[in-house]
Amino acid sequence: MKIHTTHLTIHPQGPFHFAATAYSHGWVVLLPNRWDAQKQILQRIERLPDGKVVRLTVRGTGTVAQPEIHIAVEHPGTLSAGEQKILLDLVGHMFRVDEAFHDFYELCRRKGGRWEKLGQGLGRLLRSPGLFEDIVKTLCTTNIQWGGTKRMVEGLVEAYGDSFAGDPTHKAFPTAEAIAAVPLEDFSATVRLGYRAEYVYTLARRIVDGELDLRSFWDRAITTPEMKKRLLAVKGVGNYAAATLLMLLGRHDELAVDSVFRQFVAKKYFPNTQPSDAEAQQIYTDWGEWKYLAYWFDVWEGFDEEV
DNA sequence: TTCCAGGGGTAGA
DNA sequence: TCTACCCATGGA
C-alpha cells in the first residue's frame, strides 16, 4: 500500500518547551509512543475514526517564546481536511497547548531559585490523545514497578492495537471496542495484567455499552472534589490513580501518594524520621492548586534516561 | 525462597 | 473513617 506524507503545524502560545513537555514523565516511552532522545522526536501510531491508521512524527521547532510543533503524518490514501483537524487537535491535546500556566509560573517566580526555570515553558505533563488510554495506562502503574508497566502496555498494544501499514511492528493503542470484543477469559490469558485485567476489561465494557461516557470527565463545571469522586467510582482507581488522572485532566491540586512520593519526601524533607502521608503532603500545601506539579518537578530533577 | 512494586477492593470494626 | 487481608505478576 502506498504511503503518503502530509505536513501539519501547530503554533502554541509561548512560553512552550517541546522537548521538556514530551519528556516530562514516563508516558513518552509507553507504546504507542516512541521517543528518540537524540533527535528529540516523538513518534506515535494513531487510529482515525474511520479506521485509517497513520503514523505521526512530531518535533518541536522555533523557540520557547515563539514555538511551533511540526507533525509529519504518514497515511495510506488521502488525508481529508477533517482528519487533519482531528490530528492537529489530538497533538495539541497531548502537549496541552490550550492549558494556561501563567498562575503557576507566577508562583514559581515568587518561589525563586531552581523553581524559576519552570517558567521557561515547563509544567506541561504529556498526556494521551484519549482518556481511555490514560486511564488504562494509569491502572498499569499501580502496585507494580515501571518495567512491569511498560511490559503490560506493550502487551495491550501488541495484542489489540491496529497496525500501521507502513510499519506493521508499530501499532496504535487499542480501542475500548477492540478489548470488549473478546471474552474476559481470553483477554486475561492474552495480556498478563494480573488482577488489573478485570479492571481494564470492565472499563472497556462499560464504555462500549454506553454506561460510562468519558466526555463527562472533561466538564469544567464540575468541582475537583466531585470529579475525584467520579474517578474513584471507576473500578481499579483509588486515591493515587485518581490524583494522577486529575493531573491528566488538567487539575493539579491533588498529590498522587505512592511509594515513590513517600520515599522521595521522606528522604528529602524528613531525615531520620518516617512521616505519615498527611505530614508528607503538607510539604506542598502552599502550592495550592499546583501541588502536583510542584511535587513532580521536585522529584523529576533526579530522574535519568530510564524514565 | 521471600519480598514487594509509581495500590485498590472488600469486609468488619 | 480506619484497619487487616487479599489480589496476579514478575523483578530483585
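Hydrogens, waters and symmetry mates are skipped; everything else that's a heavy atom, side chains included, is used. Here is how names work: the chains are called A, B, and so on, in the same order as the sequence lines, proteins then strands, and each is numbered from 1.
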Decide yes or no for [X] and [Y]: does some side-chain heavy atom of the first lie under 4.5 Å from some side-chain heavy atom of the second?
X	Y	value
A/D277	A/F261	no
A/K52	A/P76	yes
A/L30	A/K150	yes

In terms of the nearest nucleotide of DNA chain C, which residue is placed more toward the 5' end: A/G148 or A/N143? A/N143
From B/dG6, C/dT9, B/dG7, pick the nucleotide closest to the side chain of A/R151? C/dT9
Gap between atoms [atom1] and [atom2], on [X] and [N] respectively (whole Å):
X	N	atom1	atom2	value
A/D277	B/dG6	CG	P	16 Å
A/L248	B/dG6	CG	C1'	13 Å
A/L245	B/dG8	CG	C1'	14 Å
A/Q145	C/dT9	CD	P	16 Å
A/R196	C/dG10	CZ	C1'	10 Å
A/R192	B/dA5	CZ	P	22 Å
A/I135	B/dG7	CD1	C1'	16 Å
A/Y199	B/dG8	OH	P	9 Å

Given the rule in the salt bridge (Lys or Arg N to Asp or Glu O under 4.0 Å) test, do A/R109 and A/E106 qualify, once you have shown the distances and angles that lead to the verdict? CA-CA 5 Å; A/R109 196 188 59 73; A/E106 174 57 23; 2.9 Å; yes
Determine the Euclidean distance between corresponding [atom1] atoms of [M] and [N]; express it in Å to zero decimal places.
N	M	atom1	result
C/dC5	B/dC4	C1'	16 Å
B/dA5	C/dC7	C1'	14 Å
C/dC6	B/dC3	C1'	16 Å

Would you state whether a donor and an acceptor, one from the side chain of A/Y195 and one from the base of B/dG7, lie under 3.5 Å apart? yes
Over 60° means perpendicular and under 30° means parallel, so tell me whether [X] and [Y] are parallel, tilted or perpendicular.
X	Y	answer
A/F101	A/H252	tilted
A/W287	A/F104	tilted
A/W27	A/H25	parallel
A/Y199	A/Y195	perpendicular

Within the pair A/T142 and B/dA5, is there a side-chain N or O less than 4.0 Å away from OP1 or OP2? no
Sub-4.0 Å heavy-atom contacts from residues 180-187 of chain A onto DNA chain C, ordered by number: none
Please list residues of residues 229-244 of chain A whose heavy atoms come under 4.0 Å from any atom in DNA chain C, ordered by number; otherwise none. none
Apply the test salt bridge (Lys or Arg N to Asp or Glu O under 4.0 Å) to residues A/E133 and A/R44: give CA-CA distance (whole Å), side-chain angles for both, the deciding distance (0.1 Å), then the verdict. CA-CA 13 Å; A/E133 180 177 336; A/R44 177 182 171 88; 2.6 Å; yes
Distance-only check: which donor-acceptor pairs under 3.5 Å involve side-chain atoms of residues 234-248 of chain A, not counting sequence neighbours?
from	atom 1	to	atom 2	distance (Å)
A/N239	OD1	A/K228	NZ	3.3
A/Y240	OH	A/T141	OG1	2.7
A/T244	OG1	A/Y240	O	3.0

